[in-house]
**Student:** 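Right, I'll just put the structure down here and ask away after.
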Amino acid sequence: KGKKLVLPKSSQKLNEIYVNTKVPLLLFSGTDDQFTTVADANLLADMQKDRTSLVFQGGHLQGFQSMSKEYFGDQYVKSISAFLIKIKVG
């Protein structure tokens with residue numbers, strides 16, 4: 001907060017890249033994430049089939065900690081495994 005973010009000129013084409021990229025994506029976003037907001041992740045997920053937006057309680061890069069039940073990060077890892085099975089990788 002209070003800092004200016006300067007992106008390279010090529011970043012202006014990100015939306016076009018996201019629309020034209022035809023690969024499965026699993027997007028994690030936290031309810032308090034100010035970098036990858038839930039709305040942004042859902043927007044990206046809705047652009048193509050085989051994209052999934054997963055929401056966890058917490059901020060940016062806190063999914064692993066937030067998604068722990070039986071052991072540290074277990075639900076995070078299970079979500080990735082389920083996504084890979086769904087798209088038939090490995």
Side-chain angles (χ1 to χ4, degrees):
K1 291 185 175 183
K3 295 183 180 181
K4 182 177 180 180
L5 178 63
V6 179
L7 299 173
K9 287 185 180 185
S10 61
S11 68
Q12 297 171 359
K13 295 184 178 186
L14 282 178
N15 192 44
E16 181 181 332
I17 292 168
Y18 290 133
V19 169
N20 294 319
T21 301
K22 308 279 192 255
V23 297
L25 292 175
L26 175 60
L27 302 148
F28 287 88
S29 59
T31 54
D32 299 324
D33 195 330
Q34 295 182 18
F35 295 99
T36 307
T37 65
V38 172
D40 287 343
N42 289 339
L43 179 66
L44 290 174
D46 291 342
M47 287 181 175
Q48 297 288 339
K49 66 176 189 163
D50 291 334
R51 292 186 180 181
T52 301
S53 176
L54 194 144
V55 179
F56 59 86
Q57 295 295 316
H60 192 66
L61 299 177
Q62 293 179 339
F64 201 80
Q65 297 91 331
S66 176
M67 298 176 70
S68 299
K69 278 190 177 179
E70 296 175 34
Y71 55 88
F72 190 65
D74 63 322
Q75 299 302 306
Y76 190 87
V77 173
K78 286 178 183 178
S79 296
I80 295 171
S81 297
F83 177 75
L84 293 174
I85 290 168
K86 177 181 157 188
I87 63 167
K88 297 176 179 48
V89 173

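Counting begins at 1 with the first residue of the sequence. Heavy-atom basis, side chains included; hydrogens, waters and symmetry copies ignored.
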**Student:** By ring pair (Phe, Tyr, Trp, His ring centres under 6.0 Å), which residues pair with Phe64, not counting sequence neighbours?
**Tutor:**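 By the ring pair (Phe, Tyr, Trp, His ring centres under 6.0 Å) rule, Phe64 matches Phe72, Tyr76.
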**Student:** Do Ile87 and Leu84 have side-chain heavy atoms sitting under 4.5 Å apart?
**Tutor:**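 With C-beta onward as the side chain, the pair touches.
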**Student:** Are side-chain heavy atoms of Gln75 and Leu54 found at a separation under 4.5 Å?
**Tutor:**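 They are not in side-chain contact.
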**Student:** Please check if atom CD in Gln65 has more than 12 non-hydrogen atoms from other residues, nucleotides or ligands closer than 6.0 Å.
**Tutor:**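 Yes - once you tally the heavy atoms of other residues, nucleotides and ligands closer than 6.0 Å, there are more than 12.
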**Student:** Which residues satisfy the salt bridge (charged side-chain N to carboxylate O under 4.0 Å, His left out) test with Glu70, sequence neighbours excluded?
**Tutor:**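 Expected list: Lys78.
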**Student:** Give the minimum heavy-atom separation between Ala45 and Arg51, together with the two atoms involved.
**Tutor:**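 So the minimum-distance heavy-atom pair works out to O-CB, 3.3 Å.
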**Student:** Would you check if Tyr71 and Val77 make a side-chain contact, meaning some heavy-atom pair closer than 4.5 Å?
**Tutor:**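 SC-SC contact between Tyr71 and Val77 ruled out.
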**Student:** Go through the structure and list residues passing side-chain contact (heavy atoms from CB on, under 4.5 Å) with Lys49, not counting sequence neighbours.
**Tutor:**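 So Lys49 forms no side-chain contact (heavy atoms from CB on, under 4.5 Å) with any residue.
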**Student:** Of all residues at least two apart in sequence or in a different chain, which pass the side-chain contact (heavy atoms from CB on, under 4.5 Å) check with Leu44?
**Tutor:**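 Listed in chain order: Tyr18, Leu27, Met47.
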**Student:** Is Thr36 reaching over with its side chain to a backbone N or O of Ser29, donor-acceptor style, under 3.5 angstrom?
**Tutor:**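 A pair under 3.5 Å: no.
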**Student:** Drop me the distance from Asp50's CG to Lys86's NZ, to the nearest 0.5 angstrom.
**Tutor:**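 Asp50 atom CG to Lys86 atom NZ measures 7.0 Å (nearest 0.5 Å).
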**Student:** Let me confirm one number: the CG-CG distance from Leu61 to Asp33, rounded to the nearest 0.5 Å.
**Tutor:**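 Leu61 CG to Asp33 CG: 7.5 Å, rounded to 0.5 Å.
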**Student:** Just so I know, are the side chains of His60 and Gln34 near enough to count as touching, which here means a heavy-atom distance under 4.5 Å?
**Tutor:**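 In short, these two side chains do not touch, never coming nearer than 4.5 Å.
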**Student:** Could you work out the complete set of other residues in the hydrophobic cluster of Val55, with links drawn between I, L, V, M, F, W and Y side chains under 4.5 Å apart?
**Tutor:**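 ILVMFWY cluster around Val55 also holds Val38.
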**Student:** Restricting to ring pair (Phe, Tyr, Trp, His ring centres under 6.0 Å), what partner residues turn up for Phe56, sequence neighbours left out?
**Tutor:**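 Expected list: none.
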**Student:** Please find the pair of heavy atoms, one from Ser53 and one from Ala41, that lie closest to each other, and give the distance.
**Tutor:**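 Minimum heavy-atom contact is OG-CB, 3.6 Å.
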